[in-house]
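These numbers come from the heavy atoms of this one structure, side chains and all, not from hydrogens, waters or symmetry mates. The sequence lines fix the lettering, A, B, ..., with proteins before strands; numbering per chain opens at 1. The model shown is predicted, which means the values in this text are computed figures rather than measured ones.
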There are 2 protein chains.
Amino acid sequence: MRIEEKPEIARLPLFRDMDDARREDIFSGSFLQVFPAQLTLFEAGQQADFLHVLVDGLIELYVPGTARDTTIQLIEPVKSFILAAAVNDMPYLMSARTLTSSRVLLVPAARIRGAIKEDAALMQATMTKLALGYRDMVRALVDMKIRQSAERLGNYLLGYSAKHGDAWQFELSGEKRVLASLLGMTPENLSRAFGTLKQHGVNVVGARVRIEDREALTAFARPDSVPADPN
Amino acid sequence: MRIEEKPEIARLPLFRDMDDARREDIFSGSFLQVFPAQLTLFEAGQQADFLHVLVDGLIELYVPGTARDTTIQLIEPVKSFILAAAVNDMPYLMSARTLTSSRVLLVPAARIRGAIKEDAALMQATMTKLALGYRDMVRALVDMKIRQSAERLGNYLLGYSAKHGDAWQFELSGEKRVLASLLGMTPENLSRAFGTLKQHGVNVVGARVRIEDREALTAFARPDSVPADPN
DNA sequence: GGCGCTCTTTGATCTTGGTCAAATAGTATT
DNA sequence: AATACTATTTGACCAAGATCAAAGAGCGCC
């Protein structure tokens with residue numbers, strides 16, 4: 001690997017605190033690949049051979065179902081994904097596909113597993129990341145169980161805003177159909193959900209979302225009582 | 001701590017492979033408590049001071065909502081829980097209550113964190129357990145998103161059977177209202193779900209469940225394509 | 001054993017969200 | 001700019017599950 005984003009990857013929480021030489025070793029065994037949009041990177045059930053780091057682009061993690069796929073997470077750069085499978089040498093639970101053309105760093109899982117054994121900082125970071133991932137999934141599950149669709153959308157928008165510097169307006173990343181799948185509803189219902197949010201301070205034109213009344217939206221969406229983990 | 005179940009706790013995957021002396025050290029700093037039924041052990045939002053190990057009884061992990069709580073997991077002995085919060089010194093995401101009188105080993109979180117740093121085997125076991133927990137949550141989320149209620153119940157019964165030596169009949173642990181909350185439905189709807197499962201090889205009388213036609217139930221419930229992780 | 005309580009089940013009705021169909025908007029290509 | 005294709009939206013309708021109400025069942029307690 002020899003790319004200009006290397007420092008940015010090295011600054012990821014996962015790799016940040018580890019020994020420099022060992023990080024170099026990991027990176028030297030990894031390779032950066034460019035994938036076109038709509039390409040499946042791996043499929044659920046396959047053995048996890050690589051830890052992936054999205055450097056640029058947009059990735060969808062989804063679980064293929066008989067009738068319809070369901071989206072679990074959208075990965076934006078720069079971020080590692082499927083750590084859980086890679087670290088434990090297990091089959092992927094989800095499939096991954098690119099939504100846009102993407103550059104992905106592929107880190108051989110065996111090398112990560114080896115480095116974790118040697119490097120306490122990497123180990124600690126891995127544990128933290130796994131724990132945070134677990135907590136994210138708990139939140140998503142609760143969201144799905146206790147909120148109805150427009151509320152889920154409202155919370156998603158608030159969360160998206162929070163992750164992007166509390167921006168009050170932004171472009172949705174990815175298609176709305178994917179967002180619908182992520183939020184556990186049909187595209188038709190997502191449309192309607194945007195409609196009901198209009199009465200709660202949200203204005204949408206195409207992919208552009210404006211949160212015009214954060215108070216009202218928050219009141220409507222009833223966010224979690226335990227605040228999101230810092231990331 | 002000085003109890004006869006100690007060997008059983010020591011045999012848990014989490015503690016099994018670690019250094020014996022260090023395990024003794026952890027245990028010596030822990031204490032066993034007996035709680036009556038329907039007692040809240042901790043509440044979401046509190047700082048996680050202890051890793052808990054259920055020695056005997058039945059525990060419900062739930063997320064308190066404004067309108068109604070939602071159950072995330074039922075803990076049966078012997079099993080540790082809330083590892084993610086304890087290991088990272090974070091607030092609990094969930095609350096816990098006893099469903100029956102229970103004995104719980106309370107392991108100070110700081111002591112676990114210290115031991116993890118020192119003991120590679122414990123570290124590895126913790127990572128594995130966190131990863132498995134993550135995967136469980138993903139499965140639960142997918143279950144919630146793609147299956148309807150009777151199918152979720154069917155899968156739960158199949159999973160319960162698998163976890164208990166493929167028993168074809170068993171007693172449900174806990175009240176049905178809790179099971180309903182775990183499966184993300186109302187008690188009324190759980191009743192009806194049992195009704196529809198009657199046509200798919202499941203016989204229920206009170207808390208006693210008999211899977212009389214596993215083939216039919218499996219066909220109806222459409223279990224995950226990626227098989228459950230061994231535990 | 002009977003009483004009072006809670007849990008579970010059943011029935012009727014309502015709400016949410018899914019399905020199907022068609023119109024509209026958006027985008028890429030020629 | 002026109003065309004072809006796909007994504008999104010809208011409307012009508014349907015189905016799953018929630019809610020409300022009331023009737024059993026089970027269980028502890030006196």
Side-chain angles (χ1 to χ4, degrees), chain A residues 36-38 58 60 65-71 99-101 143-154 156 171-200 202-209 220-222, chain B residues 36-38 58 60 65-71 97 99-101 143-156 171-200 202-209 220-222:
Chain A
Q38 297 302 329
L58 184 63
E60 176 191 11
T66 43
R68 188 183 305 162
D69 299 347
T70 190
T71 306
L99 294 181
T100 66
S101 166
D143 193 47
M144 198 65 207
K145 285 175 79 173
I146 69 172
R147 279 192 265 264
Q148 47 194 48
S149 55
E151 296 172 335
R152 290 203 296 278
L153 175 58
Y156 175 82
E171 300 277 332
L172 293 171
S173 49
E175 300 177 343
K176 286 191 181 164
R177 50 181 11 219
V178 177
L179 177 58
S181 173
L182 176 67
L183 294 175
M185 60 182 104
T186 57
E188 294 95 324
N189 202 27
L190 177 64
S191 252
R192 289 175 186 122
F194 272 121
T196 83
L197 286 194
K198 205 165 294 181
Q199 301 147 34
H200 300 277
V202 177
N203 184 286
V204 184
V205 179
R208 171 135 234 109
V209 174
F220 174 77
R222 298 182 288 123
Chain B
Q38 296 303 327
L58 184 63
E60 176 191 10
T66 44
R68 188 184 303 160
D69 299 347
T70 189
T71 306
R97 69 166 76 100
L99 294 181
T100 66
S101 167
D143 194 46
M144 199 65 206
K145 285 176 78 175
I146 70 172
R147 280 192 266 264
Q148 48 195 48
S149 54
E151 295 172 336
R152 290 203 296 279
L153 175 59
N155 267 106
Y156 176 82
E171 300 277 331
L172 293 171
S173 48
E175 299 177 343
K176 286 190 183 165
R177 46 177 19 216
V178 177
L179 178 57
S181 172
L182 176 68
L183 294 176
M185 61 183 102
T186 57
E188 293 95 324
N189 202 24
L190 177 64
S191 252
R192 293 186 240 268
F194 273 121
T196 83
L197 286 193
K198 206 166 292 180
Q199 301 148 34
H200 300 277
V202 177
N203 185 286
V204 184
V205 180
R208 172 136 234 107
V209 174
F220 174 76
R222 298 182 288 123

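Distance B:I146 CD1 to D:dA16 C1': 16 Å, rounded to the nearest Å. Atoms CD (B:Q148) and P (D:dA18) sit 12 Å apart, rounded to a whole Å. In this structure, B:E151 atom CD and D:dA16 atom P are separated by 10 Å, rounded to whole Å. In this structure, CD of A:Q38 is placed 15 Å from C1' of D:dC5, rounded to the nearest angstrom.
Only B:G184, B:M185, B:T186, B:E188, B:N189, listed by number, bring a heavy atom of residues 178-191 of chain B to less than 4.0 angstrom from any atom of DNA chain D.
Here the OG atom belonging to A:S191 is positioned 12.5 Å from the CZ atom belonging to A:R177, to the nearest 0.5 angstrom. Here CZ of B:F194 is found 11.0 Å from CG of B:N203. Values are rounded to the nearest 0.5 Å. Note: B:Q38 CD to B:T100 OG1 = 9.5 Å, rounded to the nearest 0.5 Å. Interatomic distance, CZ of B:R192 versus CG of B:L197, reported as 14.5 Å (0.5 Å rounding).
Bounding nucleotides for the chain A contact on DNA chain C, 5' to 3', at a heavy-atom distance below 4.0 Å, are C:dT16 to C:dC20.
OP1 and OP2 of D:dG17 both lie 4.0 Å or more from every side-chain N or O belonging to B:R147.
Between B:G174 and A:R192, the residue anchored closer to the 5' end of DNA chain C is B:G174, taking for each the nucleotide with the nearest heavy atom.
Contact record, A:G154 with A:A221: C-CB, 3.9 Å, taken as the closest heavy-atom pair.
No more than 12 heavy atoms of other residues, nucleotides or ligands sit less than 6.0 Å from atom CZ of A:R68.
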Checking side-chain contact (heavy atoms from CB on, under 4.5 Å) for the pair B:F220/B:Q199: CA distance, chi angles, key distance, verdict? CA-CA 10 Å; B:F220 174 76; B:Q199 301 148 34; over 6 Å; no
Review item, side-chain donor-acceptor pairs of residues 143-153 of chain B, under 3.5 Å, at least two apart:
{"from": "B:D143", "atom 1": "OD1", "to": "B:R147", "atom 2": "NE", "distance (Å)": "2.6"}
{"from": "B:D143", "atom 1": "OD1", "to": "B:R147", "atom 2": "NH2", "distance (Å)": "3.1"}
{"from": "B:K145", "atom 1": "NZ", "to": "A:T70", "atom 2": "OG1", "distance (Å)": "3.1"}
{"from": "B:K145", "atom 1": "NZ", "to": "A:T71", "atom 2": "O", "distance (Å)": "2.6"}
{"from": "B:K145", "atom 1": "NZ", "to": "A:S181", "atom 2": "O", "distance (Å)": "2.8"}
{"from": "B:K145", "atom 1": "NZ", "to": "A:L182", "atom 2": "O", "distance (Å)": "3.0"}
{"from": "B:R147", "atom 1": "NE", "to": "B:N155", "atom 2": "OD1", "distance (Å)": "3.2"}
{"from": "B:R147", "atom 1": "NH1", "to": "B:R222", "atom 2": "O", "distance (Å)": "2.4"}
{"from": "B:R147", "atom 1": "NH2", "to": "B:D224", "atom 2": "OD1", "distance (Å)": "2.8"}
{"from": "B:S149", "atom 1": "OG", "to": "B:N189", "atom 2": "ND2", "distance (Å)": "3.4"}
{"from": "B:E151", "atom 1": "OE1", "to": "B:Q148", "atom 2": "N", "distance (Å)": "3.0"}
{"from": "B:E151", "atom 1": "OE1", "to": "B:R222", "atom 2": "NH2", "distance (Å)": "2.9"}
{"from": "B:E151", "atom 1": "OE2", "to": "B:R222", "atom 2": "NE", "distance (Å)": "3.4"}
{"from": "B:E151", "atom 1": "OE2", "to": "B:R222", "atom 2": "NH2", "distance (Å)": "2.7"}
{"from": "B:R152", "atom 1": "NE", "to": "B:L183", "atom 2": "O", "distance (Å)": "2.7"}
{"from": "B:R152", "atom 1": "NH1", "to": "B:R147", "atom 2": "O", "distance (Å)": "2.9"}
{"from": "B:R152", "atom 1": "NH2", "to": "B:L183", "atom 2": "O", "distance (Å)": "3.0"}
{"from": "B:R152", "atom 1": "NH2", "to": "B:G184", "atom 2": "O", "distance (Å)": "3.2"}

